[in-house]
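As the structure is a prediction and not an experimental result, all values here were calculated from the model. Below, all heavy atoms of this structure are taken into account, side chains as well, without hydrogens, waters or symmetry copies.
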Amino acid sequence: MITIYGKSVCGGVAIGKLMFCKRNEKVIKRTQVEDADAQWQRFLTAKETALSRLKTLYEKALADVGRSNATIFEAYQMMLEDPDYLEYIKNIIRTQHVNAEFAVAAASDHFAQMFSAMDDAYIQGRAADVKDVSGRVLDVLCGGSEGMMEMDEPCIIAADDLAPSETVRLDKSKVLGFATMSGSSNSHTAILARTMNIPAIIGLGEALLEKYDGRAAAIDGFTGTMYIEPDEETVARMKEKQAGDLEQKALLEQLKGKENITKSGRKINVYANIGNVSDVGNVLKNDAGGIGLFRSEFLYLESSDFPTEEQQFSVYKQVAENMAGRKVIIRTLDIGADKQADYFGLDREENPALGYRAIRICLTRPDIFKTQLRALYRAAVFGNISIMFPMIISVDEIHKIKEIIREVKAELTEEGIPFREDVELGIMIETPASVMISRELAKEVDFFSVGTNDLTQYTLAIDRQNAKLDQFYDPHHPAILAMIRMAAENAHAEGAWIGICGELGADLELTEEFLKMGVDELSVSPSMVLPLRKRIRECG
Ligand code: PEP
Ligand code: MG
């Protein structure tokens, strides 16, 4: 048995086979399609994205390793524009009526075989290049930065690290737990593990070897310990711990249906955070009073192209209906920084967390924003939906959002499409700027929701993705608590309510303090709803 240690990001015990995340194993399926032209267009768009990435790589290589070494990326660009290659792909799509992925994979095999069969050693070498270039287009077409593996049986997933776009693509019913070499506690992957309530350990470092792939393993998410080929005694101990955990959960079950009320009678709303319609079952199972944060960008991350208005409408409607009148706060697209979807074609940035993301994308690409707003206003007819906007730093942004909402409503009215007029609007308080002008902002909206993950990152100037900084990342820092207090006072002074939807909302050491500040709502991962209710009921 080998024992390795990391950092726990979600408690619980998992016992099962370890599976290493192999990113380059793309399974390309042949799918018959009606609209061959649409597939050709998909290919052309993906090719453009792959070309622009190659240009970036070329420039980087030029600076890092000089022209002679960088030329390979120029050659790759030429290969992608080669008329024979393009003609071959177009032909397959048009004559066989198949998906673009299949056509690219077929072209890749065809040209690689052709080059390999040549006598000239130089040309033979081009076989690997055509595969590499085609793989880059497939990466774009398959969405996410890389393809993800398929699992036959429930496994503990191991990886160097997982991007949010990869985590959302995993078949969750088959994930027993996560174990990663790097990663930080505040990353979206850690948050996703908590939302899914899956035992997870990060920061196992080099000790997590790829050769453990396929071996039996156990992870203790409470202590951050991982066992490879655990001996009988350890398995028995882990099983016992697992049973104890279930027993604890059963005890918490007794709190279902009870109020979130302190001994002195102060009530507070406890809602849950979700990233997907499939999380709603967990929200209901844990008896949350509503959904305080639906991270709608996960819809975009799961997809290989912009989700259409109809696709979004059907998801939002389903969530609203399943929640049967309970509040559902849907945050508009918060893409960018660590949450990347290739088809957005976003440039690489020096400081992505301070970059082109969230509301900044929505306000400069109103086509994307309007599609989402139309879907939200239409879905609001079917339940108690509120809309929340991320990364706000100014009153002017809210004025612009309201102007776009007016346009959306006018267009829906003109088209005779039903929508709800009076949807509650709120903003995330996750930048120091928004705290400092919270009195002005509160005049404009119905509610605030404090995003403590980003607020901590921006206030303490600590990258939430950087595992090395975890020791400095102090969400209990007096500056953060003072900011929440200030935002709460200003919200209430203008008749708005305030909640916390960042991870700090689930910090039971702070519950009493949040109650004293007058926070009206706490939104936490579904599995934290009942422990939080227990804590609130213990407060004076
Ligand atoms: C936050 O920043 O606290 C938040 C809730 O949003 P996200 O974690 O998705 O950035
Ligand atoms: Mg945030």
Side-chain angles (χ1 to χ4, degrees), residues 168 172-173 192 194-197 249-250 252-261 267-299 302 307 309-332 372-389 412 417-426 428 445-449 496-501 505-506 519-534 536-537:
V168 292
K172 283 144 201 118
S173 64
L192 276 168
R194 287 193 280 269
T195 306
M196 295 188 263
N197 195 21
K249 288 192 176 126
L252 286 173
E253 288 283 301
Q254 295 169 4
L255 287 174
K256 282 192 184 167
K258 301 243 164 83
E259 284 186 309
N260 307 304
I261 188 166
K267 286 188 196 165
I268 183 166
N269 288 319
V270 176
Y271 296 165
N273 295 345
I274 65 165
N276 194 294
V277 67
S278 62
D279 298 328
V280 175
N282 254 341
V283 173
L284 295 171
K285 206 170 84 194
N286 287 287
D287 196 30
I291 290 171
L293 169 64
F294 178 175
R295 290 182 163 94
S296 73
E297 57 276 8
F298 287 122
L299 259 178
E302 280 163 357
E309 178 181 328
E310 285 316 310
Q311 284 166 339
Q312 294 192 54
F313 167 67
S314 111
V315 170
Y316 304 148
K317 174 172 178 270
Q318 200 182 333
V319 173
E321 283 179 342
N322 290 352
M323 289 301 290
R326 298 189 207 189
K327 198 186 276 297
V328 176
I329 303 177
I330 304 181
R331 174 174 76 185
T332 58
Q372 180 167 39
L373 288 171
R374 283 174 64 100
L376 286 167
Y377 271 90
R378 287 175 56 200
V381 172
F382 299 89
N384 187 4
I385 286 180
S386 307
I387 306 178
M388 171 159 83
F389 304 98
L412 288 171
I417 299 174
F419 65 95
R420 182 164 168 170
E421 184 64 48
D422 60 339
V423 176
E424 192 186 40
L425 299 180
M428 301 269 309
V445 293
D446 302 305
F447 68 95
F448 285 166
S449 188
W497 63 266
I498 182 164
I500 298 177
C501 63
V519 169
D520 304 287
E521 174 247 20
L522 293 168
S523 191
V524 297
S525 56
S527 63
M528 279 306 292
V529 168
L530 294 173
L532 181 56
R533 178 170 298 164
K534 180 168 177 286
I536 292 165
R537 294 172 69 88

Is any side-chain heavy atom of [Y] closer than 4.5 Å to one of [X]?
X	Y	value
M323	L284	yes
K317	V315	no
I330	I291	no

[atom1]-[atom2] distance between [X] and [Y], expressed to the nearest 0.5 angstrom:
X	Y	atom1	atom2	result
S173	M196	OG	CE	11.5 Å
T195	N273	OG1	CG	6.5 Å
F313	R374	CZ	CZ	11.5 Å
I274	S523	CD1	OG	9.5 Å

Residues in side chain to side chain contact (heavy atoms under 4.5 Å, CB included) contact with [X], at least two apart in sequence or another chain:
X	answer
I261	E259, K267, R537
K327	Y271, I329, N384, S386, E424, W497
L252	L255, L530, P531, K534

Begin from the C-alpha positions of M388 and F294 and carry the test side chain to side chain contact (heavy atoms under 4.5 Å, CB included) through to its verdict. CA-CA 9 Å; M388 171 159 83; F294 178 175; over 6 Å; no
Please tell me whether Y316 and Q372 have a donor and an acceptor in their side chains that are separated by less than 3.5 angstrom. yes
Hey, is the main chain of N269 close enough, under 3.5 Å, to the side chain of N260 for a donor-acceptor pair? no
Look at the side chain of E321 and the backbone N and O of G383, then say whether any donor-acceptor pair between them is shorter than 3.5 Å. no
Full working for side chain to side chain contact (heavy atoms under 4.5 Å, CB included) between F298 and N276: CA-CA 7 Å; F298 287 122; N276 194 294; 5.7 Å; no
Start with the C-alpha gap between E521 and I500, add the side-chain angles, then the distance that decides, and say whether side chain to side chain contact (heavy atoms under 4.5 Å, CB included) holds. CA-CA 6 Å; E521 174 247 20; I500 298 177; 6.0 Å; no
How would you list, by chain and number, every residue that makes a ring-ring contact (aromatic ring centres under 6.0 Å, His included) with F419, sequence neighbours excluded? none
What residue pairs, at least two apart or across chains, pass salt bridge (Lys or Arg N to Asp or Glu O under 4.0 Å) with a residue in residues 280-293? D287-R533
Hits for salt bridge (charged side-chain N to carboxylate O under 4.0 Å, His left out) against R420, two or more places apart or cross-chain, chain-then-number order -> D422
Would you call R378 and E310 a salt bridge, taking side-chain N to carboxylate O under 4.0 Å as the test? yes
